[in-house]
Amino acid sequence: MVNHVTKAVIPAAGLGTRFLPATKAMPKEMLPVVDKPAIQYVVEEAVDAGLHDVLMVTGRNKNALENHFDRNAELEETLIKKGDTDRLEKVNYSTALADLHYVRQGDPKGLGHAVLRAKMHVGREPFAVLLGDDIIDARDELLSKMLDVQNRYNTTVVALMEVPPESIHLYGAAAVEETGEEDVVRITGLVEKPKREDAPSNYAIIGRYILRPEVFDVLERTEPGRGGEIQLTDALESMAQAPDWTGGVYGVVFRGRRYDTGDRLDYIKAIVQLAADREDLGPELRPWLREFADGLADEPEEIVEEMPAEPAEPLESVADTTR
Ligand code: UTP
C-alpha cells in the first residue's frame with residue numbers, strides 16, 4: 001500500500017503558561033522527560049512512522065529547540081577527547097534524527113494559526129501534525145494506524161481517546177458514528193473544550209492529526225474562536241460538515257499510553273512511568289517507588305506550601321532595612 005504522507009508538522013510555539021515559571025525562557029517542549037526533551041520523543045515518533053521531513057513551528061525562545069537538533073561542536077570535541085562514545089552517540093543522535101525545517105509563528109494566535117504557518121512547506125498533500133508537548137508511548141501503535149486509515153479512506157484523520165466525563169472540558173470533543181471497523185469512527189461534529197453537559201461524547205481529540213490540504217483553505221477562513229485563538233478544532237468541525245469537498249473527518253480511537261507533558265501532573269507521571277520501565281533506571285527506581293508509596297499510605301498527608309507569587313514584605317520596607 002502506498003503511503004502518500006511524507007511530512008510531519010510539529011507546532012511548538014505555545015506560551016506554556018501552565019508551566020510557568022519553568023517556561024519563561026524555554027519552550028515547554030524542551031522540558032526533559034527523564035533525559036530527553038519532550039520534543040525529541042515526538043520527532044522520534046514521526047520518524048518511526050516513516051515521516052522524515054519534519055517542520056517545526058516555533059515561537060519565542062526558539063533557540064533552545066533549534067540548538068537541540070543542531071550540532072554542538074564544542075561538546076562533541078570534549079566527549080571525543082574523553083573517549084565518552086556512549087554520550088557522544090546520544091548527542092549526535094538528535095542531530096541526525098530527521099530532515100528538520102523551521103517556521104516562525106510570530107504571535108501565538110492558536111493551534112489553527114500555527115498549522116496554517118506550515119502551508120508553504122507542505123503544499124497540496126496530506127500531512128501529519130504531532131503536538132510537541134504530547135507524548136505517545138513508543139510501545140503503543142497510533143500514528144502508523146492513522147496513516148493507514150488516511151490512506152484507505154482518503155479523509156482527514158484525528159486521534160481520539162476516551163476520557164472521564166469530568167475531564168472533557170479540557171479537550172476538543174467529537175460526535176461519532178461507527179464505521180464497522182474496530183476503533184475507527186466517522187466524526188459528525190466537533191466542539192472545542194465543551195462544558196460537560198454540552199459534550200457530544202467523551203471522545204477527546206489528542207495531539208495527533210493527519211490532515212488533508214483543504215485544511216489550509218478552511219483555516220484561512222476560520223475566525224478566532226475560544227480564547228480569541230484560531231482553533232484547529234473549529235476548522236475540523238467545518239471539514240466534518242463539508243465532506244463533499246474536504247473528504248470529511250475520521251477518528252482513530254487510541255487506547256494506549258499518552259502523556260500530556262504540558263500539564264504539570266501528567267508531566268510528573270510521564271517521568272515516573274517511563275523511568276520505571278527503563279532498563280538503566282527501573283531496577284533502582286521501582287523498589288524506591290514501592291517504599292515511597294508505602295510511606296505515603298502510613299503517614300498523614302503533608303502539604304508543602306507553594307512559594308508566594310508576591311514577596312512576603314512590600315519591596316519598599318525591604319529596601320528600608322538595607323539602607
Ligand atoms: P496548548 O493548548 O497546550 O497551549 O498547545 P499552550 O499555550 O502551549 O500552553 P498553556 O495552555 O498556556 O500552558 C498545544 C500545542 O500547540 C502549540 C503548543 O506549543 C503545543 O504544542 N501551539 C499552541 C502553538 O504552536 N501555537 C499556538 O498559538 C498555540
Side-chain angles (χ1 to χ4, degrees), residues 8-33 36-46 54-66 68-69 100-122 127-136 143 158-159 161 163 167-173 190-194 204-209 211 215-216 219-220 222-236 258-268 270:
V9 174
I10 304 184
L15 290 179
T17 53
R18 282 170 294 163
F19 240 115
L20 282 168
T23 47
K24 186 179 171 192
M26 182 178 73
K28 64 176 165 182
E29 290 78 4
M30 281 303 293
L31 288 170
V33 178
K36 282 191 285 191
I39 191 96
Q40 187 173 329
Y41 290 85
V42 178
V43 174
E44 285 173 8
E45 183 191 338
V54 176
L55 176 74
M56 225 171 262
V57 185
T58 61
R60 61 194 185 107
N61 306 323
K62 64 162 191 159
N63 292 356
L65 278 166
E66 289 195 14
H68 180 72
F69 293 101
L100 278 162
H101 307 267
Y102 299 91
V103 65
R104 284 304 290 269
Q105 183 191 17
D107 285 320
K109 293 186 198 160
L111 179 57
H113 183 255
V115 170
L116 194 49
R117 300 293 297 129
K119 182 179 171 182
M120 285 286 283
H121 182 83
V122 166
F127 62 104
V129 171
L130 294 82
L131 298 195
D133 59 349
D134 221 336
I135 296 181
I136 298 295
L143 200 56
V158 305
M161 209 164 171
V163 299
S167 304
I168 196 71
H169 68 284
L170 302 169
Y171 298 89
L190 286 161
V191 200
E192 180 63 10
K193 298 192 169 83
I205 308 178
I206 56 170
R208 298 294 180 268
Y209 312 78
L211 302 173
V215 74
F216 295 126
L219 278 170
E220 272 164 355
T222 302
E223 295 290 331
R226 216 172 182 286
E229 296 189 340
I230 298 177
Q231 299 288 355
L232 181 59
T233 306
D234 292 347
L236 291 169
R258 169 211 175 229
Y259 317 101
D260 174 6
T261 65
D263 174 80
R264 290 174 304 170
L265 189 59
D266 243 28
Y267 172 75
I268 295 164

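Atoms considered below: every heavy atom in the structure, side chains included; atoms not considered: hydrogens, waters and symmetry mates. Counting starts at 1 for both ligands and their atoms, following the listed order. All residue numbers in this chain count up from 1 along the given sequence.
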The protein residues that pass the under-4.0 Å heavy-atom test against ligand 1 are P11, A12, A13, G14, L15, G16, T17, R18, K28, E29, Q105, P108, K109, G110, L111, A114, L131, G132, D133
Side-chain contact test, heavy atoms from C-beta onward, threshold under 4.5 Å: evaluate it for L232 versus E192 and give yes or no.
no
(request) Kindly state whether the ring of Y259 and the ring of Y41 have centres lying under 6.0 angstrom apart. (result) no
- Task: Would you check if L31 and T261 make a side-chain contact, meaning some heavy-atom pair closer than 4.5 Å?
- Result: no
Could you check if a side-chain atom of Q231 sits within less than 4.5 angstrom of a side-chain atom of K193, using non-hydrogen atoms only? no
| said: Within the structure provided, determine whether R18 and D263 are in side-chain contact (heavy-atom separation under 4.5 Å). | reply: yes
### Message
Can you classify the ring geometry of F216 versus F127 as parallel (below 30°), tilted (30 to 60°) or perpendicular (above 60°)?
### Response
parallel
